[in-house]
Protein chains: 2
Amino acid sequence: MKTELDTRTKIVLAAMDLFWSKGYNSTSIADILSRTQLNSGSLYHAFPGKQDVLIAVLESYRDGLYPMLLEPAWEGVGDPVDRIFALLDRYRWLIVETECTYGCPIGSLALELHEADPVVRNLLAVNFTGWTKAIETCLEAAADRLPAGLDKAALAQFVLTTMEGGVMQARTHLDVTYFDRGVGMLRDHFDMLMARAARKPETA
Amino acid sequence: MKTELDTRTKIVLAAMDLFWSKGYNSTSIADILSRTQLNSGSLYHAFPGKQDVLIAVLESYRDGLYPMLLEPAWEGVGDPVDRIFALLDRYRWLIVETECTYGCPIGSLALELHEADPVVRNLLAVNFTGWTKAIETCLEAAADRLPAGLDKAALAQFVLTTMEGGVMQARTHLDVTYFDRGVGMLRDHFDMLMARAARKPETA
DNA sequence: GCGTGACTTGAACGATCACTCAAGGAAAGG
DNA sequence: CCTTTCCTTGAGTGATCGTTCAAGTCACGC
């Protein structure tokens with residue numbers, strides 16, 4: 001089944017990869033054109049400008065969160081807490097696979113684009129929110145094992161923080177163990193929370 | 001005392017500010033020149049090229065870690081655990097002061113420079129290591145309040161992770177509370193560690 | 001006064017950037 | 001066969017990038 005790809009789709013796929021590996025500013029339109037084997041006219045027929053390609057990429061990440069990231073990561077993993085660490089393991093795998101050169105595409109773009117357009121900044125925020133909401137769902141599913149008054153939204157954000165900070169340090173040091181230690185600390189955090197919940201259950 | 005600044009120093013100071021606010025790639029030599037009121041010849045007399053300005057900036061951050069960042073943040077704060085959170089509060093202050101537009105200069109550069117020169121990458125790593133080593137010193141000074149077998153290096157890295165992840169999310173959402181929640185989670189983590197240490201003291 | 005080295009001047013260079021557009025298919029409906 | 005519409009072609013635009021360099025200025029030892 002040789003799928004004939006839409007011009008827009010071809011561009012978005014190529015741009016996703018290029019923005020991920022080189023960043024937005026360092027990726028030129030010429031890079032996208034040579035990757036897709038298109039001419040500039042075709043690209044500018046499909047998109048008004050470079051920033052609109054970025055917007056399409058971010059929308060694609062947003063829409064692909066479950067089908068492309070979470071569902072594969074959670075396949076065969078039923079326990080909600082395990083799912084959180086399965087997702088982190090997915091990122092670990094990406095780090096190893098790319099020899100610590102790639103990171104989280106959203107995080108990289110978020111720190112690269114300093115004076116971002118409101119639409120772009122909002123899409124970055126939406127991507128983060130989608131991710132943390134998914135973690136929050138896991139935390140709610142595991143609510144019986146966690147302390148009663150726990151701020152689940154804050155903890156979900158903390159999971160994202162651990163992932164982003166770990167990826168950043170692993171990439172800078174070219175060493176996955178910097179990611180692993182962060183995940184290990186988060187594991188400890190969860191263990192302590194669950195131990196606390198087990199010690200005095202059902203209290204507000 | 002009107003100090004006449006060295007050309008190199010003037011350039012480094014201007015570049016620190018520009019790289020911080022706009023990033024490395026988005027800062028042009030022309031930006032640095034107009035900021036310093038110098039001509040291109042003077043800059044290229046002081047530095048072989050743009051990347052060498054970046055290297056000087058990173059060396060400046062490395063050398064300024066204690067005098068410019070830690071000592072001011074720790075002034076009047078004796079308790080080692082309080083010092084950790086005083087430092088995080090310093091970053092919080094920067095976020096608020098810049099209306100969530102600036103972040104950690106090292107973290108931003110680390111994620112912006114995807115295919116960084118080895119010298120640059122190493123200087124980024126050195127800056128991270130200097131920071132975490134300082135936190136580690138605090139943890140060692142508070143060792144009596146912490147669990148015996150605690151991996152202090154890992155926890156120190158986790159503090160950096162919390163800071164970087166919090167800054168990233170605060171900047172993306174244009175809202176400091178994303179930073180605050182991360183610091184709150186870390187506070188909980190410390191509280192749980194100290195409670196565990198108090199429960200069963202002096203055990204390995 | 002004069003030579004010498006350190007530093008500055010700023011126009012100019014080639015490369016590359018995002019982007020444009022007149023011209024040219026290709027397919028479909030009439 | 002013609003028209004219309006959609007899409008592609010690719011040379012070309014002006015702007016901006018990092019960088020160069022011949023010429024000029026300046027302080028200082030002789």
Side-chain angles (χ1 to χ4, degrees), chain A residues 2-58 108-109 112-121 123, chain B residues 2-58 108-109 112-121 123:
Chain A
K2 167 103 177 277
T3 35
E4 202 58 40
L5 284 178
D6 195 86
T7 301
R8 272 187 71 99
T9 312
K10 266 166 74 176
I11 292 168
V12 168
L13 288 177
M16 280 174 83
D17 206 51
L18 287 163
F19 292 166
W20 190 25
S21 65
K22 307 179 60 177
Y24 175 71
N25 283 314
S26 299
T27 298
S28 67
I29 297 289
D31 287 333
I32 301 175
L33 296 178
S34 77
R35 177 73 69 99
T36 54
Q37 303 275 46
L38 292 169
N39 293 100
S40 58
S42 298
L43 188 144
Y44 282 96
H45 182 78
F47 294 98
K50 189 186 178 188
Q51 185 179 271
D52 302 274
V53 177
L54 173 61
I55 289 170
V57 163
L58 291 174
S108 298
L109 288 169
E112 181 187 352
L113 305 168
H114 290 246
E115 289 151 339
D117 182 275
V119 176
V120 172
R121 211 215 78 255
L123 271 168
Chain B
K2 168 104 175 277
T3 34
E4 201 59 40
L5 286 178
D6 194 88
T7 301
R8 270 187 73 98
T9 313
K10 267 165 74 175
I11 292 168
V12 168
L13 287 177
M16 279 174 85
D17 207 51
L18 288 163
F19 292 166
W20 191 26
S21 65
K22 307 179 58 175
Y24 175 70
N25 284 313
S26 299
T27 299
S28 67
I29 297 289
D31 288 333
I32 300 174
L33 296 178
S34 76
R35 177 74 69 99
T36 53
Q37 305 276 45
L38 292 168
N39 293 100
S40 60
S42 298
L43 188 144
Y44 281 94
H45 181 78
F47 294 97
K50 190 187 178 187
Q51 184 179 272
D52 302 274
V53 176
L54 173 62
I55 288 169
V57 163
L58 291 174
S108 299
L109 289 170
E112 181 187 351
L113 305 168
H114 290 247
E115 289 152 338
D117 183 276
V119 176
V120 172
R121 212 215 78 254
L123 271 168

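So that the names make sense, note that chain A is the first sequence line, chain B the second, and so on, each numbered from 1.
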Whether the Ser42(B) and Asn39(B) side chains hold a donor-acceptor pair (N or O, under 3.5 Å, no angle test) is what I'd like checked. no
Among Val57(B), Ile32(B), Val53(B), Thr36(B), whose side chain to side chain contact (heavy atoms under 4.5 Å, CB included) with Val12(B) holds? Val57(B)
Given dA11(D), dA11(C), dT8(D), identify the nucleotide with an atom nearest to the side chain of Ser40(A). dA11(D)
Which is true for Ser26(A) with a 4.0 Å heavy-atom rule: it touches a base, it touches only sugar-phosphate, or it touches nothing? nothing
Spacing of Leu33(A) atom CG relative to dT9(D) atom C1', expressed in whole Å: 12 Å
Nucleotide dT16(C), atom C1' - distance to CG of Asn25(B) in whole Å: 14 Å
Can you tell me how far P of dT8(C) sits from CD of Gln37(B), to the nearest Å? 14 Å
Nearest-neighbour nucleotide for the Ser42(B) side chain, dG10(D), dT8(C), dC19(C) considered: dT8(C)
Among dT9(C), dC17(D), dT19(D), the one nearest any side-chain atom of Ala30(B) is dC17(D)
Scan Ile29(A) against the nucleic acid and name what it touches under 4.0 Å (heavy atoms): base, sugar-phosphate only, or nothing. sugar-phosphate
Spacing between Leu18(B) atom CG and dC17(D) atom C1', to the nearest angstrom: 16 Å
Measure NE2/His45(A) against P/dG10(D) and give the value in whole Å, please. 17 Å
Quick check: does any side chain N or O of Lys10(A) sit under 3.5 Å from a backbone N or O of Gln37(A), one acting as donor and the other as acceptor? no
Do the side chains of Ile55(B) and Phe47(B) get nearer than 4.5 Å, heavy atoms only? no
First encountered from the 5' end of DNA chain C, between Gly41(A) and Thr27(A): Thr27(A)
Does Ser28(A) reach a base, just sugar-phosphate, or nothing at all? Heavy atoms under 4.0 Å. sugar-phosphate
Checking Thr7(B), Leu33(B), Leu38(B) against Leu43(B) for side chain to side chain contact (heavy atoms under 4.5 Å, CB included), the one that qualifies is Leu33(B)
Find the distance Tyr44(B):OH to dA22(D):P and express it as a whole number of Å. 17 Å
Measure from the side-chain heavy atoms of Asn39(B) and tell me the nearest of dG18(D), dG10(C), dA18(C). dG10(C)
Asp6(A) has an atom CG; how far is it from atom P of dC7(D), in whole Å? 9 Å
Arg8(B) CZ to dC7(C) C1': how many Å, rounded? 15 Å
